[in-house]
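Computation of the quantities below employed the complete heavy-atom set of this structure, encompassing side-chain atoms and omitting hydrogens, waters and symmetry-equivalent molecules.
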Amino acid sequence: MIPITLARVRVAALAAMLLVTSAAAAQQSGARITPNFKDADITQIVEAVSAATGKNFIIDPRVGRQQVTMLSTTPMTPEAFYQAFLSILQVHGFVAMQTGDIIKIIPDANARQFPSVDLPDRVSATSDEIVTQVIAVRNVNAAQLVPILRPLIPQYGHLAAYPASNMLIISDRANNVNRIVRIIRRIDQAGDADIEVIPMQNASAGEIVRVVTQLLQGAAPAEGAAGASLKLVADERSNSVLLSGEQAARLRIKALIAHLDTPLEAGGDTQVRYLRYSDAEKIAAKLKEQVTGVAAATGGAGGAAAGGPAAQAERNTTIWADAENNALVITAPPKTMRSLMSIVDKLDIRRFQVLVQAVIVEVRADKTAELGINWAVDGSRDNFAIGGFIQPIAGGSIVDIIKGVDNPSSISPSAVLGTTIGGGRVQDTGTNWAAVLRAIRNDADTNIIATPSIVTLDNQEAQIKVAQEVPFITGQYTNTGSGNDGAVNPFQTVQREEVGIILKITPQINEGNAVILKIEQEASSLSTSTATSVDLITNKRVINTTLLVEDGGTIVLGGLIQDEDRRGEQRVPFLGRIPLIGELFKVRQASKVKTNLMVFIQPKILRDGVQAAFETNAKYNYIRDEQHKLGPRFEVLPMLPGEKKLVLPPLPPPPPPAVDDDAAAETPQGAPASQAAPDTGATPDTGPQASPEPPPSPAPAPPENP
């Protein structure tokens, strides 16, 4: 190993001598050199640099004989070679200190004790020479920069602050000093603290300062931060906020103040709120209950505390309604005002309407028949009747007919119904007899289709009634006068009842398209039956139910399918059962009633004015078409010459579109646009010339029972 090491040393020494010779030649000719060292002695490198640059060096004995390796393939100038030499010294812990024309090479730990390039006009960003620079700090505290910059200075460097003139003293290699100077310039920015006066337009300056100050205290910035010097002061006289601090912090606080200084709906502590759809008197009562309830809930079960915020807000809140303008007048603190306005916004909305169409279908067949024989035998000689079979048939018997022969005015209408065939013998002597055969058949058919329809608001009860008031006798008596004349005064009590179609409905629109209907449906009519009764007979069908149906769907409310068959017979015991002969001793009745009744309902949600106008136009045009179908009636001799038949006039054109926001802003007296131009909804273009839409066809009645 020893011979090899000695050989390397000799080779390195030879290379150094060759480099010194070439450096001297390069200095004389100004040419470039390419340094290459491998395990060369540092003193030999110093000799090469001295020969290339012409500089004089003094080597500190502590430098020793360091082995240096430097490889390069790029030719460089003598000055560049010198900068590379300074980098070699830095790598090995040495530094070159220039004093006049002499450059001292010493350990870098002693660099701060020797003079160097002091206070240069420009510090190179690429040089490794030791420089000392004094930097004046203008805007920030120089002492505060020392702990920040100290980690960037090597151990042999120097960094100190002079508080009296707010300066920094730095001693280090030029490239690092250049970096520190650039960092200081970036930090040492001019302060932008200023005072701004922000006038308040809607809020109270004192309240704004209190809120913002409380916010800043909750998130206090660190010492020296931009928001640390931020201050706010309220000027009550001008209702302004005085703001001082750094510009960035001021901008954030100004944005917050602008957001807090937003106006209420109408400004101030008192607002007049015009309602568009709701009743002001009802809403005012509900709002009063809301304020009282909140105060009671906040104060606990025993009531609101006398000095509590909720009780104070309740005392400072007044709500009353102006019925003529349908408006609310509210005076309240800002927090309570916002809460009440939010409630009004939710309640004062356009409610949906519901068009409900009912279809009532009734098909009734009523058939009755009666057949019988009445007979009587009278023994005039003995002045008593021998016998007979007397049974009323169709409301009359043979006795009624015999009385009618003697006194026609005593015949009642029911005694002559149907077909009557009779015969007999009526003489003063002998046996008298009489026999009557009576038969009657009654057929009554009823076919009723009624389609009542009604429009109502959501959750609003509505009723339609198409009926007659029919009188019914409830009692009668005769009052004999007290005078000598003995006059008789008959008296009757009459009660009138409604007979017809009555529909009472309350719709409730659920989320989506479903509608809950609370329905009371009544359909009554006078019966056409000829059954005997003391007064009129009414047929009444009543349905009370609650159901759920989809928008536009049809559902059956209920109905009746009834088939009634009755047979009756009155006869003489034993004799009535004898074939053929028994027909003389009995009367038969038969009745058959078949009833088919169904009630259907169809709700349709009218979500806006367009749908409401469409349904209205369809019904309107349908009625006009029905009037036109009747046509003019030809009369040979006109009873009312020159008179025209009454026909509905054409529909008026649709209203103009709603006013825009700019026009609404010009509404006089501060009234909202909804009051100046009510929201009637757009009407579709379905004038008289449009093809009318007929009403929905009634649902078919269910098939009759076989």
Side-chain angles (χ1 to χ4, degrees), residues 353-366 442-457 460-475 492-507 517-547 549 554-562 564 593-604 615-616 618-620 622-627 629-630 646 648 694-702:
Q353 300 181 93
V354 180
L355 168 63
V356 181
Q357 301 182 91
V359 179
I360 305 172
V361 182
E362 179 178 358
V363 179
R364 179 184 175 93
D366 189 352
N442 179 34
D443 293 341
D445 294 331
T446 303
N447 186 7
I448 300 176
I449 299 178
T451 57
S453 62
I454 189 171
V455 178
T456 182
L457 287 173
Q460 188 73 37
E461 182 182 288
Q463 180 181 11
I464 183 173
K465 185 184 298 184
V466 183
Q468 293 178 328
E469 290 190 350
V470 180
F472 291 88
I473 299 176
T474 57
Q492 292 181 338
T493 58
V494 177
Q495 179 179 352
R496 295 182 178 272
E497 294 186 4
E498 295 175 339
V499 177
I501 303 296
I502 301 175
L503 174 62
K504 184 185 295 184
I505 188 167
T506 303
L517 299 176
K518 183 179 179 182
I519 298 174
E520 297 181 15
Q521 171 69 61
E522 176 181 332
S524 57
S525 61
L526 295 176
S527 175
T528 58
S529 175
T530 59
T532 58
S533 63
V534 297
D535 210 334
L536 300 175
I537 299 175
T538 58
N539 301 321
K540 182 177 290 187
R541 290 85 169 90
V542 179
I543 295 178
N544 294 331
T545 183
T546 301
L547 52 89
V549 60
T554 303
I555 192 171
V556 59
L557 293 183
L560 172 67
I561 300 177
Q562 183 180 11
E564 181 181 357
V593 180
K594 183 179 294 185
T595 303
N596 293 316
L597 172 65
M598 285 293 165
V599 179
F600 302 88
I601 203 79
Q602 181 188 62
K604 183 177 293 185
E615 296 294 336
T616 301
K619 296 291 185 182
Y620 193 92
Y622 172 76
I623 295 299
R624 292 190 74 244
D625 283 353
E626 290 297 318
Q627 291 178 333
K629 288 179 182 178
L630 295 177
L646 297 179
L648 287 175
S697 301

Review point. Between Glu469 and Glu497, is a side-chain contact (heavy atoms from CB on, under 4.5 Å) present by the stated rule, with each step listed?
Key: CA-CA 5 Å; Glu469 290 190 350; Glu497 294 186 4; over 6 Å; no
Point to revise | Distance in Å, Leu517 CG paired with Ile601 CD1, rounded so as to fall on 0.5 Å steps | key: 6.5 Å
Exercise for review: Would you check if the side chain of Arg624 reaches a backbone N or O of Leu648 as a donor-acceptor pair within less than 3.5 Å?
Suggested key: yes
Check your understanding: About how many Å separate CG of Leu503 and CD1 of Ile360, when rounded to the nearest 0.5 Å?
Key -> 7.5 Å
**Study point:** Interatomic spacing from CG in Leu547 to CD1 in Ile519 - rounded to 0.5 Å
**Key:** 4.5 Å
Check your understanding: Is the count of non-hydrogen atoms from other residues, nucleotides or ligands lying under 6.0 Å from Gln463 atom CD greater than 12?
Key -> yes
**Study point:** Criterion side-chain contact (heavy atoms from CB on, under 4.5 Å) on Ile454 and Ile505, from CA distance to verdict
**Key:** CA-CA 9 Å; Ile454 189 171; Ile505 188 167; 3.9 Å; yes
Practice item. Not counting sequence neighbours, which residues clear salt bridge (Lys or Arg N to Asp or Glu O under 4.0 Å) with Glu626? List them please. Key: Lys629
Revision key, fill the gap. d(Asp445 CG, Asn447 CG) to nearest 0.5 Å is 9.0 Å
Check your understanding: Given Val556 and Met598, is the side-chain contact (heavy atoms from CB on, under 4.5 Å) satisfied, shown in steps?
Key -> CA-CA 7 Å; Val556 59; Met598 285 293 165; 4.1 Å; yes
Practice item. State, with a plain yes or no, whether a side-chain heavy atom of Glu564 is found less than 4.5 Å away from one of Lys594. Key: no
Study note, to complete from the structure: One should read off an interatomic distance between Glu522 CD and Lys540 NZ, to the nearest 0.5 angstrom, of 4.5 Å
**Study point:** Value rounded to 0.5 Å, distance of CZ in Phe472 from OG1 in Thr493
**Key:** 13.5 Å
Practice item. Would you indicate whether the side-chain heavy atoms of Ile501 and Gln521 approach each other to under 4.5 Å? Key: yes
Review point. Is the backbone N or O of Asn596 less than 3.5 Å from a side-chain atom of Glu362, with the two atoms forming a donor-acceptor pair by type?
Key: no
Practice item. Using a 4.5 Å cut-off on heavy atoms from C-beta on, say whether the side chain of Lys604 contacts that of Val354. Key: no
Check your understanding: Do Gln495 and Val470 pass the side-chain contact (heavy atoms from CB on, under 4.5 Å) test, and can you show the C-alpha distance, the side-chain angles, and the key distance before you say yes or no?
Key -> CA-CA 8 Å; Gln495 179 179 352; Val470 180; over 6 Å; no
Review point. Any donor and acceptor pair, going by atom type alone, linking the side chain of Ser524 with main-chain N or O of Gly500 inside 3.5 Å?
Key: yes
**Study point:** Those residues that, when tested against Glu498, pass salt bridge (Lys or Arg N to Asp or Glu O under 4.0 Å) (two or more places apart)
**Key:** Lys465
Check your understanding: Closest approach of Arg496 and Pro471, non-hydrogen atoms and distance?
Key -> NH1-CD, 3.8 Å
Exercise for review: Begin with the C-alpha distance, continue with both residues' side-chain angles, and end with the deciding distance and a verdict on side chain to side chain donor-acceptor pair (under 3.5 Å) for Gln357 and Ser453.
Suggested key: CA-CA 4 Å; Gln357 301 182 91; Ser453 62; 5.1 Å; no
